[in-house]
There are 2 protein chains.
Amino acid sequence: MSLKEELGLKRGFNVIEHEAVLNIYFTASKLKKRADEFFRKFNVTDVQFNVMMLLHYQSEDGGGLSQAQLSKMMLVNRANITSLIDRMEKAELVTRNSSDDRRYNIIKMTGKGKKLFGKVEPLYGKLVVEKMSAIKKGEQKQLIAILEKVRSY
Amino acid sequence: MSLKEELGLKRGFNVIEHEAVLNIYFTASKLKKRADEFFRKFNVTDVQFNVMMLLHYQSEDGGGLSQAQLSKMMLVNRANITSLIDRMEKAELVTRNSSDDRRYNIIKMTGKGKKLFGKVEPLYGKLVVEKMSAIKKGEQKQLIAILEKVRSY
DNA sequence: AGTTAACTGTTAAGATATATACTATTTATA
DNA sequence: TATAAATAGTATATATCTTAACAGTTAACT
């Protein structure tokens with residue numbers, strides 16, 4: 001089903017450029033919603049899981065990341081990280097630790113966080129692979145290349 | 001610049017499927033932010049402008065749309081439309097009107113809303129065209145086709 | 001007619017996002 | 001060294017989004 005049919009749109013947006021932008025928006029929106037549904041079964045949100053993923057894969061020797069680093073990696077405003085980490089601290093998924101540079105906090109996963117991540121991550125990986133099996137490997141590469149151009153233009 | 005470089009990611013997400021999903025997310029996120037920046041110059045948010053766009057292009061003879069219709073077209077929960085329309089009513093961009101079926105509200109643009117839309121829409125169109133000129137028409141068609149598959153899978 | 005089911009909009013609680021302004025700290029520079 | 005600039009995190013106000021529960025209206029069905 002085309003995007004227009006799906007949304008019940010009857011006319012307008014008939015310029016191809018608009019359609020491309022709309023497609024990016026709505027596809028991302030749907031993927032995000034499906035991912036969030038998945039994560040909520042484990043009592044985390046998609047954004048919170050994103051933090052855990054970054055702490056797992058992106059911190060040097062598991063040494064943690066600062067809020068500013070998380071902010072950059074997630075394309076999210078610094079201010080938003082504060083409350084996000086507040087909630088994750090409350091849920092005992094991460095801790096704030098002081099560093100040499102006293103402007104920084106170092107965010108690390110707790111044991112509980114690591115355990116949850118270890119359980120959920122492989123399942124999520126399967127979900128992504130399944131979802132993307134809708135298109136061939138070649139198309140995936142094309143998609144990545146095209147979006148890269150759009151994004152960095 | 002590749003997505004990984006841009007975000008300062010050092011490893012992980014190295015499976016192509018993950019990259020494709022990440023690319024969709026982040027491209028959409030960037031486009032959304034850029035659009036929102038643009039609209040805020042005119043004291044509307046991107047979501048509010050989306051409502052106006054639908055009221056302009058999608059309502060029968062300018063007869064307005066119900067909140068449920070807007071909800072479906074925007075892939076947004078009904079509950080969210082309530083507060084969205086509240087704010088737009090307050091800003092005098094739209095009005096709620098009663099209908100024969102007393103379950104429905106009919107949302108219409110005010111004169112002020114129409115005037116603003118007439119001013120902003122062509123400028124936004126230019127922005128989209130410019131943004132999408134990063135890729136060729138053929139690539140735009142490919143993009144649309146590929147995302148359509150991913151979305152409806 | 002009367003009951004049930006479906007639909008619309010609202011409300012409430014909570015999460016995520018923005019911008020702006022502020023404090024504290026560190027770095028750069030005159 | 002002293003001042004200015006940059007950086008990190010927080011506080012606040014506002015917007016958007018989710019789910020769940022609820023009330024009123026309409027449609028379907030016995």
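Only this structure's heavy atoms are used, side chains among them; waters, hydrogens and symmetry mates stay out. Labels below follow one simple rule: chain letters A, B, ... track the order of the sequence lines, proteins then strands, and each chain is numbered from 1.
- Here B/R87 reaches the OP1 or OP2 of D/dT16: one of its side-chain N or O atoms lies under 4.0 Å away.
- Residues A/N105 and A/Q67 come closest through the heavy atom pair ND2-OE1, 3.2 Å.
- Using a 4.0 Å heavy-atom cutoff across all strands shown, A/N80 reaches at least one base atom of the nucleic acid.
- Using a 4.0 Å heavy-atom criterion, one finds that B/T82 contacts the bases of the nucleic acid, with or without backbone contacts as well.
- The residue B/D46 sits apart from the nucleic acid: no heavy atom pair falls under 4.0 Å.
- In this structure, B/Q69 does not reach the C/dT8 phosphate: none of its side-chain N or O atoms is under 4.0 Å from OP1 or OP2.
- Between the CZ atom of A/R78 and the C1' atom of C/dA19 there is a distance of 11 Å, given to the nearest Å.
- For A/L70 and D/dA8, the CG to P distance is 12 Å, given to the nearest whole Å.
- DNA chain C is contacted by both B/S66 and B/K33; B/S66 maps to the nucleotide lying nearer its 5′ end (nearest heavy atom per residue).
- Toward the 5′ end of DNA chain D lies the nearest nucleotide of A/I81, the other residue of the pair A/D36 and A/I81 mapping further downstream.
- Distance, B/K32 NZ to D/dA15 C1': 10 Å, rounded to whole Å.
- Straight-line distance from the CD atom of A/Q67 to the P atom of D/dA8: 11 Å, rounded to whole Å.
- Between the A/D101 side chain and the A/R103 main chain, a donor and an acceptor come within less than 3.5 Å of each other.
- Ring planes of B/F49 and B/F117: parallel class, angle under 30° (limits at 30 and 60°).
- Within 4.0 Å of B/L84, counting heavy atoms only, lie sugar-phosphate atoms of the nucleic acid but no base atom.
- In this structure, A/D101 atom CG and C/dA28 atom P are separated by 12 Å, rounded to whole Å.
- Across the interface with DNA chain C, nearest-nucleotide mapping of A/R40 and A/L75 shows A/R40 to be the residue nearer the 5′ end.
- At whole-Å resolution of the value, CZ in B/R34 and P in C/dA17 are 19 Å apart.
- A/D86 comes within 4.0 angstrom of no nucleic acid atom, judged by non-hydrogen atoms across all strands.
- Among the protein residues, A/N105 comes within range of the sugar-phosphate backbone only, with heavy atoms under 4.0 Å from sugar or phosphate atoms but none that close to a base.
- Rounding to whole angstrom units, CE of residue B/M74 and P of D/dT16 are separated by 9 Å.
- The backbone N or O of A/K112 sits nowhere less than 3.5 Å from a side-chain atom of A/E92 that would complete a donor-acceptor pair.
- At the phosphate of C/dA15, neither OP1 nor OP2 sits under 4.0 Å from any side-chain N or O atom of A/S83.
- The A/V47 side chain lies nearest to C/dA17 when the options are C/dA17, D/dA15, D/dT10.
- Listed for the A/N23 side chain is a donor-acceptor partner under 3.5 Å among the backbone atoms of A/E19.
- Judged by distance alone, with hydrogens and angles left aside, B/R103 brings no side-chain donor or acceptor close enough to the base of D/dG24 to form a pair under 3.5 Å.
- Between the NZ atom of B/K90 and the C1' atom of D/dA13 there is a distance of 12 Å, rounded to whole Å.
- The phosphate of C/dT20 has neither OP1 nor OP2 within less than 4.0 Å of any side-chain N or O from A/N77.
- Put simply, A/R102 has no side-chain N or O that comes within less than 4.0 Å of OP1 or OP2 on C/dT23.
- In terms of heavy-atom proximity, A/S98 sits nearest to A/I106 at O-CD1, 4.3 Å.
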